[in-house]
Amino acid sequence: MPFTDKRINVYILNAEGFAQPILNHLRSLVHASCPDVVETIKWGFPHFLYNGAILCSMAAFKKHCAFTFWKASLMTDKHHIFKQHEKTAIGHFGRIEKLTDLPSDKIMLSYLKEAVKLNKEKTKLASAPKPAQSKPDAPEYLLKTITKNKQALIAYSKLSPSHKKEYIEWITDAKTEPTRDKRINTMLQWLEEGKSRNWKHMKS
């Protein structure tokens with residue numbers, strides 16, 4: 001096998017007896033589908049790379065093996081095999097305890113070739129959506145005060161959520177009402193000047 005990694009030989013030899021023929025077969029199928037695949041060990045188990053990206057991986061456990069495609073979410077899964085195991089964390093072919101638990105070589109190769117094509121075309125996985133940033137909740141008395149000052153209101157509305165939060169926490173953390181009122185007046189003045197709460201600490 002070209003581009004093999006001796007560490008995977010050791011990994012297979014150290015696997016349980018039932019797992020060794022499964023791992024060897026999976027390994028041979030990967031190389032058959034992609035002669036230029038590169039083997040490596042990542043996170044303690046065998047991975048296969050192609051065109052600079054992970055193609056798939058396999059792992060052996062005490063009672064089963066697992067095989068995973070890195071870009072399974074982009075694959076068509078025309079035989080609906082992934083869907084059968086999508087609610088488990090075992091791999092895209094479920095618990096593989098014996099060779100007959102795997103689909104036919106023809107089906108396996110069709111999946112592998114699709115995965116190879118995705119890597120060849122450098123198709124990227126979609127980035128996870130960033131969690132929406134929650135809007136800081138200003139107390140009603142503070143909002144009413146800001147609303148009465150048009151210039152301060154315009155400036156406040158342009159502040160980022162984090163800068164709004166700084167003002168809100170500064171006001172609501174006041175221990176006494178006089179301190180709170182003093183801080184609100186200072187806040188209005190700073191807003192009129194287009195300043196954030198911590199403007200003194202910002203680099204000019």
Side-chain angles (χ1 to χ4, degrees), residues 40-45 47-57 59 61 66-95 111 114-115 117-204:
T40 189
I41 294 286
K42 283 181 176 288
W43 306 296
F45 55 96
H47 280 69
F48 301 91
L49 315 179
Y50 174 62
N51 205 21
I54 298 174
L55 181 70
C56 53
S57 63
F61 304 96
F67 189 82
T68 304
F69 286 105
W70 190 253
K71 297 178 180 176
S73 60
L74 302 178
M75 295 170 66
T76 58
D77 188 22
K78 61 183 179 180
H79 296 285
H80 308 292
I81 295 174
F82 296 171
K83 293 179 181 178
Q84 297 174 29
H85 308 288
E86 63 185 358
K87 293 183 179 180
T88 71
I90 298 173
H92 293 113
F93 298 98
R95 294 175 64 92
Y111 276 95
E114 184 179 3
K117 184 180 179 183
L118 289 171
N119 275 27
K120 186 175 183 179
E121 296 173 351
K122 292 187 178 294
T123 306
K124 294 183 179 180
L125 289 166
S127 301
K130 294 181 180 180
Q133 191 170 19
S134 58
K135 295 182 179 180
D137 295 324
E140 189 175 349
Y141 67 81
L142 181 58
L143 287 175
K144 285 184 178 180
T145 303
I146 297 174
T147 304
K148 292 177 182 178
N149 186 316
K150 186 176 181 180
Q151 191 172 345
L153 177 61
I154 294 173
Y156 181 80
S157 65
K158 292 180 179 180
L159 290 177
S160 67
S162 61
H163 283 170
K164 288 179 180 177
K165 186 177 180 181
E166 289 171 356
Y167 267 126
I168 292 169
E169 290 181 346
W170 185 49
I171 301 300
T172 56
D173 285 348
K175 302 272 191 248
T176 64
E177 190 172 338
T179 300
R180 185 193 71 185
D181 292 341
K182 182 179 179 180
R183 290 183 180 182
I184 290 176
N185 289 331
T186 302
M187 172 184 172
L188 293 174
Q189 179 184 338
W190 286 350
L191 285 173
E192 289 175 357
E193 297 171 1
K195 296 175 179 177
S196 62
R197 158 75 179 92
N198 293 313
W199 65 272
K200 292 181 181 179
H201 306 293
M202 296 175 67
K203 293 181 179 180
S204 56

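Excluded from the calculations below are hydrogen atoms, water molecules and symmetry mates; all remaining heavy atoms, backbone and side chain alike, are included.
- In this structure, CZ in R197 is found 10.0 Å from CD in E169, a value given to the nearest 0.5 Å.
- Taking the side chain to side chain donor-acceptor pair (under 3.5 Å) definition, one finds that S73 meets it with nothing, sequence neighbours left out.
- Taking the side chain to side chain donor-acceptor pair (under 3.5 Å) definition, one finds that K195 meets it with E193, sequence neighbours left out.
- When side chains are defined from C-beta on, T145 does not count as touching N149, because their heavy atoms never get closer than 4.5 Å.
- Within the 4.5 Å cutoff, the side chain of R95 has no heavy atoms near those of the F61 side chain.
- With sequence neighbours excluded, no residue satisfies ring pair (Phe, Tyr, Trp, His ring centres under 6.0 Å) with W70.
- Closest approach of F67 to C56, counting heavy atoms only: CZ-SG, 3.6 Å.
- Distance check, rounded to the nearest 0.5 Å: CE of M75 to OG1 of T123 gives 11.5 Å.
- Annotation: cation-pi geometry not satisfied between K120 and Y50 (NZ/CZ under 6.0 angstrom from ring centroid, within 45° of ring axis).
- Legend: residues meeting side chain to side chain donor-acceptor pair (under 3.5 Å) with Y111, ordered by chain and number and at least two apart, are D77.
- W43 and H47 have perpendicular rings, their planes meeting at more than 60° on a 0 to 90° scale where under 30° would count as parallel.
- A distance-only check finds no donor-acceptor pair linking the side chain of E166 to the backbone of S196 [under 3.5 Å].
- Listed here is the closest heavy atom pair of L74 and L118: CB-CD1, 4.0 Å.
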Derivation of the side-chain contact (heavy atoms from CB on, under 4.5 Å) call for Q151 and L191
CA-CA 8 Å; Q151 191 172 345; L191 285 173; over 6 Å; no
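- Here the OH-CG distance, from Y167 to N198, works out to 8.5 Å after rounding to the nearest 0.5 Å.
- Minimum heavy-atom separation, L159 to K164: O-CE, 3.4 Å.
- Here the closest heavy-atom approach between residue P139 and residue I168 is recorded as CD-CG2, 4.1 Å.
- Taking the six-membered ring where tryptophan is involved, the planes of W170 and W190 are essentially parallel, since the angle between them stays under 30° and well short of 60°.
- Among residues two or more places apart in sequence or in another chain, the side chain to side chain donor-acceptor pair (under 3.5 Å) test is passed with T176 by T179.
- Here the OG1-CG distance, from T147 to L142, works out to 9.0 Å after rounding to the nearest 0.5 Å.
- Contact detail for D173 and R183: the closest heavy-atom pair is C-NH1, 4.0 Å.
- Every residue two or more places apart in sequence or in another chain was checked for a ring pair (Phe, Tyr, Trp, His ring centres under 6.0 Å) with Y141, and none qualifies.
- Residues N51 and K122 form a side-chain contact, since some pair of their non-hydrogen atoms from C-beta on lies under 4.5 Å apart.
- Between G91 and T68, the shortest heavy-atom contact is CA-OG1, 3.8 Å.
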